[in-house]
Amino acid sequence: MSEEKSLNFIEEIIEADLATGKHQSITTRFPPEPNGYLHIGHAKSICLNFGLANKYGGSTNLRFDDTNPVTEDTEYVESIKEDVRWLGFEWSKELYASDYFDQLYALAMQLVEKGLAYVDDSTSEEIATQKGTPTHPGTRNQFAQRTVEENKQLFLDMKAGKYPDGAKVLRVKIDMASPNMLLRDPIIYRIKHAHHHRTADAWCVYPMYDFAHGQSDSIEKITHSICTLEFVPHRDLYDWCINQLGTFPSKQYEFARLNMTYTVMSKRKLLQLVNEHLVNGWDDPRMSTISGMRRRGYPAAAIREFCDRIGVAKRENLIDVGLLEFCVRENLNKTAQRRMVVFNPLKLVITNFDNELEMLSSENNPEDENGGAREMPFCKELFIEQEDFMEVAPKKYFRLAPGQMVRLKSAYIIKCDEVIKDANGNITEVHCTYIPESRSGSDSSGIHVKGTLHWVSAKHAIQAEVRLYDRLFKVEDVANAEGDFKDHINPDSLQIISNAYAEPALAKDTMDQQFQFLRKGYFVIDKESNSTKLVFNRTVTLKDAWAKEVKKG
RNA sequence: UGCCUGAUAGUAUAAGGGUAGUACAACUGAUUUUGGUUCAGUAUGUCUAGGUUCGAAUCCUGGUCGGGCAACCA
């Protein structure tokens with residue numbers, strides 16, 4: 001055996017279940033409610049559920065927990081399917097809790113017939129007060145005394161639409177004094193005369209999560225029902241329903257949900273960002289949504305790797321977004337095509353270069369021997385980055401400065417001779433001479449320089465818009481920061497450079513291709529890009545040791 | 001005041017009575033035609049007080065701190 005990776009606690013449970021023969025194979029499920037877009041937290045759950053089934057030879061269902069018609073929509077169903085597929089997973093069955101409405105209703109009726117459920121006419125306020133508090137027991141009301149026959153008829157009438165919303169609920173009779181508040185006769189059915197995105201107006205009673213989820217698991221013979229920690233107190237009720245109904249004994253296991261620095265993960269907050277136009281839609285590249293990350297250029301494989309690295313445990317956590325960025329860089333470094341793009345141009349004139357044009361070859365990816373190369377036009381007039389030139393250079397500045405030499409990547413070593421300024425003293429051009437023997441690949445100059453700059457030919461460069469993204473929030477732990485989360489939004493999370501100068505090869509490149517703009521970061525073409533206007537999103541920056549040095553002072 | 005749950009470097013996550021390890025982050029240095037990549041190295045940790053034991057991150061007891069629980073949401 002090769003070295004074994006240690007198991008997380010769920011894998012241990014599964015291996016034990018398989019070893020004892022409790023289960024021959026496993027079945028998991030990913031059960032989103034279609035009321036919003038998926039985010040990176042869901043990715044953790046998706047990777048866990050599908051990953052477990054893949055690892056142990058089982059299967060995973062995609063089940064939409066669509067028991068609340070007022071919040072749900074097919075738009076979300078479609079986006080969720082797209083996101084799961086994009087992440088690289090295939091579900092064995094596409095299912096809906098709404099598919100089970102008949103069965104669920106019949107199961108609830110069984111509870112009624114066993115005298116374990118009753119129809120309650122109380123208002124929600126009355127029910128709430130009768131529940132007591134965590135330290136004081138609740139009290140049962142007179143409706144709990146109704147006979148089985150009476151309850152049967154009432155539950156039938158609820159389904160038949162005889163009552164308005166809120167008039168009656170079906171409650172399960174457990175224990176009004178239970179220390180677990182969820183066992184104090186929880187509601188399992190409520191009346192909602194609402195249009196459901198799949199069952200339309202067929203139903204006016206809908207099951208509550210606690211009843212529908214566990215029984216849906218049972219119907220699908222889910223062996224390991226994996227959810228997040230906030231459902232721990234629900235497990236007693238989950239088991240109670242299964243035991244009373246004698247349905248398939250699915251078991252619920254809970255892990256800690258993902259929290260990440262500098263972002264928000266709750267559907268409510270994400271929805272607010274979208275609705276209040278603080279971002280440009282669910283797929284805004286700054287969003288923690290899967291669709292946002294996809295648009296930003298995060299590879300699915302990098303997200304999977306991230307989910308793998310963060311682990312699965314039961315303690316609250318706040319993962320450094322830097323780990324996600326590391327996974328993205330690690331993936332892209334090996335795959336991204338290298339290109340040169342100048343964001344803030346400074347004209348550079350090579351005074352001793354008299355050819356009209358010279359084509360130079362530059363490798364597409366130094367990490368990939370078979371990556372090939374492309375040709376880049378080299379001329380007398382070039383653009384380099386403004387920040388790559390300083391008239392008065394500090395120590396350890398390896399870039400261009402009067403009298404200093406640098407290499408132009410894949411081209412020649414140049415020396416800065418003269419700085420040209422306008423009447424206001426602003427630098428307009430830098431004049432250099434090049435060393436003809438220093439050509440990349442056939443350098444016989446014997447000169448060694450410390451800095452290498454990216455560049456484009458002024459005459460041949462094409463224009464592009466470049467969108468630079470930074471973290472959406474200024475504070476690490478947004479959910480626990482003081483005040484409203486929107487107070488912490490980073491006002492500089494999007495910077496648009498509308499006139500960047502790109503090497504001509506980029507005009508021929510296509511959607512979905514990932515690039516590394518040399519010394520600038522990883523980029524991907526945005527969906528708003530077209531033949532007349534190229535638009536790139538910065539996926540992530542490169543690590544920048546020099547920026548760190550400058551910061552230290 | 002009750003119940004449930006958790007606690008290992010800065011952040012995560014292993015070690016299941018026997019050397020506290022790994023990754024990211026940080027810091028040094030080497031290599032480099034990307035201040036990228038790669039490589040080598042450094043520093044930093046078992047919440048606390050007792051107990052059991054030859055030996056405790058691990059088992060026991062008490063405490064401390066964090067999270068959750070009283071939606072006709074999921």
Side-chain angles (χ1 to χ4, degrees), chain A residues 5-8 12 31-33 35 65-68 70-72 120 122-124 127-138 165-171 178-182 184 186-192 205-206 208-210 212-213 227 229-236 254 256 261 267 309-320 322-327 329-330 333-334 338 340 362-363 366-367 396-399 406-413 438 440-441 443 448-454 476 516-521 541-550:
Chain A
K5 203 185 161 200
S6 57
L7 304 178
N8 65 48
E12 287 179 354
E33 182 188 13
N35 68 346
D65 237 340
D66 55 350
T67 56
N68 187 359
V70 301
T71 58
E72 298 154 6
D120 192 330
S122 307
T123 64
S124 56
I127 289 177
T129 44
Q130 288 161 10
K131 267 196 180 164
T133 69
T135 49
H136 293 286
D165 288 8
K168 288 179 166 48
V169 292
L170 184 71
R171 290 227 256 170
S178 172
N180 182 348
M181 296 297 292
L182 284 158
R184 322 251 262 226
I187 295 168
I188 62 166
Y189 262 89
R190 78 288 214 188
I191 300 170
K192 272 183 197 279
V205 290
Y206 292 92
M208 296 282 288
Y209 165 85
D210 281 300
H213 195 92
C227 61
L229 247 27
E230 65 266 32
F231 292 99
V232 169
H234 295 247
R235 190 174 59 231
D236 287 342
E254 312 85 8
T261 55
K267 276 186 189 171
R309 281 174 179 258
I310 57 179
V312 177
K314 299 188 81 137
R315 67 186 88 106
E316 307 281 333
N317 58 74
L318 180 63
I319 308 273
D320 187 348
L323 181 61
L324 212 207
E325 293 173 343
F326 166 82
C327 294
R329 288 192 191 102
E330 186 188 43
N333 177 47
K334 285 181 239 141
R338 312 291 131 122
M340 295 198 218
S362 190
E363 74 272 20
E367 305 292 313
K396 292 205 271 185
Y397 185 80
F398 303 151
R399 307 176 186 185
V406 296
R407 173 172 292 280
L408 296 176
K409 171 72 183 172
S410 298
Y412 297 94
I413 292 174
S438 68
S440 284
D443 185 351
H448 289 281
V449 292
K450 285 205 154 178
T452 300
L453 310 184
H454 64 280
E476 272 203 341
Q516 185 195 104
F517 292 174
L518 247 60
R519 306 207 301 137
K520 284 295 180 186
T541 59
L542 257 24
K543 278 214 293 195
D544 190 346
W546 172 242
K548 212 180 261 181
E549 192 70 30
V550 170

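Side chains included, hydrogens not; waters and symmetry mates left out as well; all remaining heavy atoms used. All figures in this text were calculated on a predicted structure; none of them were measured in a lab. Per chain, numbering begins at 1; letters A, B, ... match sequence-line order.
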So do the side chains of [X] and [Y] get within less than 4.5 Å of each other, counting heavy atoms only?
X: L229(A); Y: E316(A); answer: yes
X: D210(A); Y: I188(A); answer: no
X: Q516(A); Y: L518(A); answer: yes
X: D443(A); Y: H448(A); answer: no
X: R338(A); Y: P366(A); answer: yes
X: D165(A); Y: R190(A); answer: no

Exercise. Name the residue closer to the 5' end of RNA chain B, choosing between T135(A) and R235(A) according to the nucleotide with the nearest heavy atom.
Key: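 Final value for this comparison: T135(A).
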
On a plain distance test, is the side chain of [X] in donor-acceptor contact with the base of [N] below 3.5 Å?
X: H136(A); N: A70(B); result: no
X: R519(A); N: U34(B); result: no
X: E476(A); N: G10(B); result: no

N/O-N/O pairs, protein side and nucleotides 41-47 of chain B side, under 3.5 Å:
none

Determine the contact category for [X]: base if any of its heavy atoms lies under 4.0 Å from a base atom, sugar-phosphate if only primed atoms, P, OP1 or OP2 are that close, otherwise nothing.
X: N180(A); answer: nothing
X: F231(A); answer: base
X: S122(A); answer: base
X: E33(A); answer: sugar-phosphate
X: K192(A); answer: sugar-phosphate
X: Y397(A); answer: base
X: R329(A); answer: nothing
X: P31(A); answer: nothing
X: R184(A); answer: nothing
X: H448(A); answer: nothing

Quiz item: Where along nucleotides 13-24 of chain B does protein come under 4.0 Å, by heavy atom, of base (B) or sugar-phosphate alone (S), with - for untouched nucleotides?
Solution: BSSB------SS

For the side chain of [X], starting at C-beta, report the closest nucleotide among [options].
X: Q516(A); options: A74(B), G35(B), U34(B); answer: U34(B)
X: I187(A); options: U5(B), C72(B), G2(B); answer: C72(B)
X: N68(A); options: C73(B), G2(B), U34(B); answer: C73(B)
X: A128(A); options: A71(B), G35(B), A74(B); answer: A71(B)

Practice problem: Convert the base pairs of RNA chain B into dot-bracket notation, remembering that pairs crossing earlier ones are written with [ ] and that bases paired across to another strand are shown as |; include only Watson-Crick or G-U pairs under 3.5 Å. | Solution: .((((((..((((....[..)))).(((((.......)))))....(((((..]....))))))))))).....

Self-check item: Pairwise C1' distance for A14(B) and A40(B), with rounding to whole Å
Solution: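 Their C1' atoms lie roughly 25 Å apart.
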
Quiz item: Looking only at atom C1', what distance separates A43(B) and A26(B), rounded to whole Å?
Solution: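 Between the two C1' atoms, the distance is 9 Å.
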
Practice problem: Fit a plane to each ring of F231(A) and Y209(A), take the angle between them on a 0 to 90° scale, and name the class: parallel (under 30°), tilted (30 to 60°) or perpendicular (over 60°). | Solution: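 Plane angle between 30° and 60°, so tilted.
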
Exercise. Using the six-membered ring for Trp and the full ring for Phe, Tyr or His, decide whether Y209(A) stacks on the six-membered base ring of A74(B) (centres under 5.5 Å, planes under 30°).
Key: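 Stacking between Y209(A) and A74(B): absent.
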
